[in-house]
Amino acid sequence: MQFRYDPVHEELALVVRRFLDETSTDAEVRDAMGSALGWDAATVKRLAGELGAFGLAVPAEHGGAGSGVTELGIVLREAGRALLCAPLLSAALGSALLLDVGTAAPEGLVARIAAGDAIVALATRATSSARQTEQGWRLAGSHEWVLDGHVADSFVVSATTEQRPALFLVDANDAGVSREPIETVDGTRRFVSVRLDDAAATVLADAGDAKAAVARSHDLALILLAAEQVGIAERCLAMATDYAKTREQFGRPIGQFQAVKHKLASVVLEVEAASAAVMYAAWIADHDTENVAEVARIAAYQANEASTLATSENIQIHGGIGATWEHPAHLYLRRATINRQLFGDPQAHLERLAKLIEERV
């Protein structure tokens, strides 16, 4: 049995890699980290325009390419490899959730996300309270770890009305919205804490539809983030291998020492397992939606373990230089560390997977 990308997918990966080799070098990543946006606006514009990366999985009628999670995963994998600073993940999740709720989303909003002209951040990991007034719905509450919320044009918010879950769209510039940056060890990605104080909102989905849509969004997030983790792990494995071939100790390359060989071999096994798990999870998301929740958590667990091992062993093999600010090794470790916690840690994925399996028995 063979399970691999077809030539079209391989060409997509090659095109994206060439683009990011040009636009996401170590120097450009560091420049983006120090900027107000957190990324280079010109690079993001090219990502949206030349590559169509922001609308890859968006249907053609909404201005996208009409591809699937498999193609999105390939792009996120390359983004992780290049440590890309861009709102690519939030764009994919925002457009997917808006498409999931159907006609309730404002007309043209998904097309604007696909074109790179709008950022819709998800505030769905906590729940605000909602009340209906003569002027419409009002929300109150707080949401932590909102990805790219510092420049979001609007937020998709989980809220409860009369004990029923619902999804709302909130204008980020509403007087009742405030946001505070969250400091993390990873300067390549931005998060904010969003506070809602009687903020105006419009309903996107109610009751069961909202709960199901958020669950599907979470599954997609796990798969795409796992793809990025695989890219990070692959890049760190390549960095460590190249260094082990050139760095000499006691008159020979350190890659000839058994201890270093064992480290690299362990990383190879973890990366290969993670790569297969992510590829399969993306395929399932495109073809067998009933089983997405299970495979998403398998992929997330395996990819997080692989990226943690690869980034830490990369620093170990590089020795002292790998721990310096000037070397990029620590930047990959920082991104992988935050990614590991974003949508639940590996232990949480295993616990949820066990419950899903138990429910099916």
Side-chain angles (χ1 to χ4, degrees), residues 29-41 43-44 47-48 54 76 79-80 83-98 106 109 112-113 116-130 137-160 166-202 204 214 217-218 220-222 224-225 228 331 334-345:
V29 168
R30 292 172 186 271
D31 286 344
M33 289 170 58
S35 68
L37 275 178
W39 55 74
D40 178 67
T43 298
V44 170
L47 270 171
F54 283 47
L76 264 297
L83 211 63
L84 175 67
C85 299
L88 191 56
L89 180 59
S90 58
L93 298 179
S95 58
L97 187 52
L98 290 173
L109 182 54
R112 291 180 60 214
I113 296 174
D117 295 331
I119 296 177
V120 176
L122 304 188
T124 57
R125 298 175 64 191
T127 302
S128 290
S129 60
W137 288 99
R138 299 286 178 172
L139 305 186
S142 62
H143 299 262
E144 306 295 327
W145 293 95
V146 179
L147 176 62
D148 295 330
H150 63 300
V151 291
D153 301 287
S154 53
F155 299 101
V156 175
V157 180
S158 292
T160 300
L167 279 177
F168 293 85
L169 188 68
V170 177
D171 186 341
N173 295 314
D174 185 88
V177 176
S178 61
R179 35 192 169 181
E180 293 292 332
I182 295 176
E183 296 294 332
T184 75
V185 297
D186 177 24
T188 68
R189 183 167 270 162
R190 304 288 174 86
F191 300 89
V192 298
S193 172
V194 177
R195 300 285 188 269
L196 305 176
D197 184 11
D198 209 34
T202 55
L204 290 175
V214 170
S217 175
H218 192 188
L220 176 61
L222 291 178
L224 296 182
L225 201 61
E228 183 179 285
L331 298 180
R334 291 166 183 267
R335 172 75 76 90
T337 299
I338 295 300
N339 282 354
R340 184 182 175 92
Q341 305 296 325
L342 264 190
F343 298 99
D345 60 28

field: Residue from Trp39, Phe191, Phe155 passing ring-ring contact (aromatic ring centres under 6.0 Å, His included) with His150
entry: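 Between His150 and the candidates, ring-ring contact (aromatic ring centres under 6.0 Å, His included) is satisfied uniquely by Trp39.
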Side chain proximity check, [X] to [Y], heavy atoms < 4.5 angstrom:
| X | Y | value |
| --- | --- | --- |
| Ser217 | Leu122 | yes |
| Val44 | Phe54 | yes |
| Leu98 | Leu204 | yes |
| Val194 | Ser142 | no |
| Val157 | Thr127 | no |
| Leu139 | Phe168 | yes |

For [Y], does its backbone N or O pair with a side-chain atom of [X] as donor and acceptor, under 3.5 Å?
| X | Y | answer |
| --- | --- | --- |
| Arg190 | Ile182 | no |
| Arg195 | Ala140 | no |
| Asp197 | Gly176 | no |

How far apart are the closest heavy atoms of [X] and [Y], and which atoms are they?
| X | Y | result |
| --- | --- | --- |
| Ala96 | Leu220 | CB-CD2, 3.5 Å |
| Asp153 | Asp171 | O-OD1, 3.5 Å |
| Ala91 | Ser95 | O-OG, 2.8 Å |
| Leu47 | Ala86 | CD1-CB, 3.9 Å |
| Ile119 | Asp148 | CG2-O, 4.2 Å |
| Arg138 | Asp198 | CB-OD1, 3.2 Å |

If I take atom [atom1] from residue [X] and atom [atom2] from residue [Y], how far apart are they, to the nearest 0.5 angstrom?
| X | Y | atom1 | atom2 | result |
| --- | --- | --- | --- | --- |
| Ser158 | Leu167 | OG | CG | 5.0 Å |
| Arg179 | Leu196 | CZ | CG | 11.0 Å |
| Leu37 | Cys85 | CG | SG | 11.5 Å |
| Thr188 | Asn339 | OG1 | CG | 8.0 Å |
| Leu88 | Leu224 | CG | CG | 8.5 Å |
| Asp31 | Asp40 | CG | CG | 8.5 Å |

Short side-chain donor-acceptor distance under 3.5 Å, Ser193 and His143
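The criterion, which ignores hydrogens and geometry beyond distance, is not satisfied for Ser193 and His143.
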query = Are Asp186 and Thr184 linked by a side-chain donor-acceptor pair shorter than 3.5 Å?
reply =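 The answer is no; no qualifying pair exists.
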| CD of Glu180: more than 12 outside heavy atoms within 6.0 angstrom? |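 Atom CD in Glu180 is not crowded, with 12 or fewer foreign heavy atoms closer than 6.0 Å.
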Should the pair His218 and Phe343 be assigned to parallel (<30°), tilted (30 to 60°) or perpendicular (>60°) ring geometry?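 His218 and Phe343: tilted rings.
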Q.
Please determine whether a side-chain nitrogen of the Lys or Arg among Arg335 and Glu228 lies less than 4.0 Å from a carboxylate oxygen of the Asp or Glu.
A.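 A salt bridge links Arg335 with Glu228.
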